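See below for the structure under consideration.
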Amino acid sequence: MSKQPANIVQILRERGLVVQVSAEAELDEHLTSACRTVYCGFDPTAQSLHIGSLVPLLALRRVQLAGHRPIALAGGATGMIGDPSFKAKERKLNSLEVVGEWTERIKAQVSRFIDFDCGENSAIVANNLDWTQSLDVLTFLRDIGKHFSVNAMIAKESVKQRIEREGEGISFTEFTYMILQSYDFAVLNRQYGCTLQIGGSDQWGNITGGIDLTRRLNQQQVYGLTMPLVTKADGTKFGKTETGTVWLDPSLTSHYAFYQFWINTADADVYKFLRYFTFLDVAEIDAIEERDKSAAGKPQAQGILAREVTKLVHGAEGLAAAERITEALFSGDLSKLTEADFAQLALDGLPTTKKPIAGLSLVDALVSTGLASSNRAAREFIGNGAVNVNGEKVSDPAAVIDPVQAMHGRYFLLRRGKKQFHLLQAE
RNA sequence: GGAGGGGUUCCCGAGUGGCCAAAGGGAUCAGACUGUAAAUCUGACGCGCAAGCUUCGGUGGUUCGAAUCCACCCCCCUCCA
């Protein structure tokens with residue numbers, strides 16, 4: 001039905017998305033000879049995935065586009081344990097109900113990136129709670145645990161700092177995580193013929209554990225591949241903004257905020273990110289880079305990246321909403337905005353506060369909209385000339401919101417610094 | 001169970017009776033410069049307009065005065081059993 005599957009390793013490699021591969025030559029042959037089943041797990045550690053999961057998520061889609069069958073695994077069971085891999089500290093356990101709810105959300109979220117109705121390589125979503133829940137202790141210890149050497153487990157790089165670092169430790173619970181994930185691979189291999197697991201490079205230890213276990217349990221040769229964890233050239237953490245984590249769920253990170261995150265990508269990272277986070281051809285990305293280099297001034301890459309990724313994650317409508325706000329806020333001319341535009345901005349995800357404005361001081365307004373964390377900070381911002389109301393800089397700390405100056409009778413667009421906007425709506 | 005070490009403001013980390021709202025670094029925020037970039041420079045970074053107030057795992061205590069001393073409790077680590 002589908003054409004000869006493409007070598008997904010090759011595809012990932014040319015985008016810089018491969019860190020480790022097991023038995024590469026064999027895997028090449030394995031992947032080009034037939035449609036294979038590939039899995040990647042996502043643990044419910046919050047109510048939504050964030051952009052840190054985007055690389056593996058998109059990789060599953062790449063896998064499918066290459067003609068293979070993707071399985072997105074929601075970690076309903078593993079999420080209750082907590083992956084210790086490269087984590088400096090033991091994590092708090094979340095309750096059963098909470099993890100259960102998160103798992104459902106993550107299943108839905110993951111499902112948007114892969115196709116469930118495309119013939120033999122239609123995607124599958126699974127939940128490892130389905131086979132882990134019923135596992136009893138003795139079976140676990142005798143049939144699964146027996147295949148693991150503690151000596152080998154503590155030698156894993158991923159738990160090294162927890163074992164060696166002074167002042168830290170690892171509970172048996174987290175230490176066991178690797179065994180659960182390994183078992184997942186064996187089960188998926190048995191149930192769906194899954195032969196390749198992909199994940200972030202921090203997953204290498206868990207993946208190789210699964211390869212070994214599958215061989216012992218099922219007498220099957222399976223493979224693993226890891227992708228880079230996204231890093232930024234300046235060394236700061238990827239995926240955070242002044243307002244916190246960039247989530248995939250639009251109720252946690254608006255379309256607009258999501259788009260803005262990508263717009264603000266540093267030059268040093270943007271071409272790499274285009275390869276990581278878009279489906280643009282590598283040659284096309286190189287061409288964009290060439291063009292930006294030869295043209296003086298502002299590069300185009302950030303805009304392309306923001307549009308591509310926002311569209312991938314939030315669809316054409318989400319992108320349109322994000323662009324509407326961006327255009328309105330950063331074009332510099334607010335007078336063009338109609339009353340309907342203002343209403344739309346609020347709907348599109350521009351942070352908005354409705355409150356009575358009679359006698360409201362600018363300081364209060366900044367604090368109540370969250371643009372400043374305290375009165376003192378608000379005064380400082382105003383004194384620094386960092387605050388802007390309806391396009392006009394206000395530098396008097398005693399300033400009061402004047403209802404007469406409202407746009408369309410009730411809107412005030414507050415700006416703090418260059419990029420933080422908030423719509424204040426009179427009530 | 002025993003012995004020892006430790007819990008400081010977002011993070012790391014100094015501070016061992018007053019000069020401590022607490023050194024230093026990082027992160028973050030703002031201003032200047034710019035391209036809603038990077039680098040750099042400047043400033044801010046518990047709350048309060050201020051006087052001052054509330055912080056150093058928790059609770060009590062000693063003291064004119066405690067992050068610093070004492071008691072008990074909770075949590076973490078290391079070694080021994």
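Source: prediction; values computed, not measured.
- A salt bridge does not link A:Glu317 with A:Lys311: every distance from a Lys NZ or Arg NE/NH1/NH2 to an Asp or Glu carboxylate oxygen is 4.0 Å or more.
- Rounded to whole Å, the distance from NZ on A:Lys418 to P on B:A38 is 10 Å.
- Base pairing of B:A71 is made with B:U59, judged by Watson-Crick or G-U wobble geometry with both donor-acceptor distances under 3.5 Å.
- The nucleotide whose nearest atom lies closest to any side-chain atom of A:Asn375 is, among B:A37, B:G35, B:C49, B:C49.
- Remark: the A:Asn384 side chain and the B:G43 base include no donor-acceptor N/O pair separated by less than 3.5 Å.
- A:Ile170 has its side chain within reach of A:Val159: a pair of non-hydrogen atoms, C-beta onward, lies under 4.5 Å apart.
- Taken from CZ in A:Phe258 to CD1 in A:Ile263, the straight-line distance is 12.0 Å, to the nearest 0.5 Å.
- The side chain of A:Lys419 lies closest to B:U36, out of B:G31, B:C49, B:U36.
- Here the nucleotide nearest the side chain of A:Glu380, chosen from B:A30, B:G48, B:A44, is B:A44.
- Spacing of C1' atoms, B:U9 relative to B:G4, comes out at 29 Å, to the nearest Å.
- B:C69 and B:C56 have their C1' atoms separated by 16 Å, with the value rounded to a whole Å.
- Using a cut-off of 4.0 Å between Lys/Arg side-chain N and Asp/Glu carboxylate O, A:Asp364 and A:Lys355 are scored as not salt-bridged.
- When both distances must be under 3.5 Å, the Watson-Crick or G-U wobble mate of B:G4 is B:C77.
- Tested against A:Asn128, the residues A:Thr103, A:Thr78, A:Asp43 include a single side-chain hydrogen bond (donor to acceptor under 3.5 Å, both in side chains) partner, A:Thr78.
- The side chain of A:Arg376 lies closest to B:C47 when the candidates are B:U36, B:C47, B:U34.
- Rounded to the nearest Å, the gap between the P atom of B:U8 and that of B:G13 is 9 Å.
- Contacts of A:Ala268 with the nucleic acid, taken as non-hydrogen atoms under 4.0 Å apart, are absent.
- Across the interface with RNA chain B, nearest-nucleotide mapping of A:Ser374 and A:Arg415 shows A:Arg415 to be the residue nearer the 5′ end.
- Residue A:Asn264 contributes atom CG, which lies 13 Å from atom P of B:U28 at whole-angstrom precision.
- Summarising the geometry, the separation between CD1 on A:Ile382 and C1' on B:A30 is reported as 13 Å, rounded to the nearest angstrom.
- Atom CD1 of A:Ile114 is separated from atom CG of A:Leu57 by 7.5 Å, given to the nearest 0.5 angstrom.
- Nearest-nucleotide positions on RNA chain B for A:Gly385 and A:Asp267 put A:Gly385 closer to the 5' end.
- Nucleic acid contact class of A:Phe330 (heavy atoms, under 4.0 Å, all strands): base.
- Counting to the nearest Å, the P atom of B:A27 and the NZ atom of A:Lys232 are 11 Å from each other.
- Atom name C1', nucleotides B:C20 and B:G35: the rounded distance is 44 Å, in whole Å.
- B:G17 makes up no base pair with any nucleotide shown, lacking Watson-Crick or G-U wobble contacts both under 3.5 Å.
- One can find a donor-acceptor pair under 3.5 Å joining the base of B:U36 and the side-chain atoms of A:Gln260.
- When the P atom is compared between B:U62 and B:A67, the two are found 16 Å apart, to the nearest whole Å.
- Closest to the A:Ala266 side chain, of the nucleotides B:A37, B:G35, B:A30, is B:A37.
- In this structure, the nucleotide among B:G31, B:G35, B:C29 sitting nearest to the side chain of A:Pro299 is B:G35.
- Searching all strands for a Watson-Crick or G-U wobble partner of B:G35 with both distances below 3.5 Å returns nothing.
- Protein atom CZ of A:Arg379 is 18 Å distant from nucleotide atom C1' of B:G43, rounded to whole Å.
- Using a 4.5 Å heavy-atom cutoff, the side chains of A:Asn206 and A:Phe185 are not in contact.
- Under the Watson-Crick and G-U wobble criteria, each requiring two contacts below 3.5 Å, nucleotide B:G65 is left unpaired.
- Taking atom C1' on both nucleotides, B:U16 is separated from B:U68 by 5 Å, rounded to a whole Å.
- Using a 4.0 Å heavy-atom distance criterion, A:Pro397 is classed as making no nucleic acid contact.
- With rounding to whole Å, A:Asn388 atom CG is found 14 Å from B:G31 atom C1'.
- Distance A:Ile263 CD1 to B:U34 P: 21 Å, rounded to the nearest Å.
- With a cut-off of 3.5 Å on both pairing distances, the Watson-Crick or G-U wobble partner of B:G43 is B:C29.
- Checking B:A51 for Watson-Crick or G-U wobble geometry (two distances, each under 3.5 Å) identifies no partner in any strand.
- The base of B:U34 is not paired with the side chain of A:Lys298 by any donor and acceptor separated by under 3.5 Å.
- Atom P of B:U59 sits at a distance of 24 Å from the matching atom of B:G48, rounded to the whole Å.
- When the P atom is compared between B:C47 and B:A66, the two are found 24 Å apart, to the nearest whole Å.
- Of the possible polar contacts, one joining the A:Ser22 side chain to the A:Gly224 backbone as a donor-acceptor pair under 3.5 Å is found.
- Between A:Leu366 atom CG and B:C29 atom P there is a gap of 17 Å when expressed in whole angstrom units.
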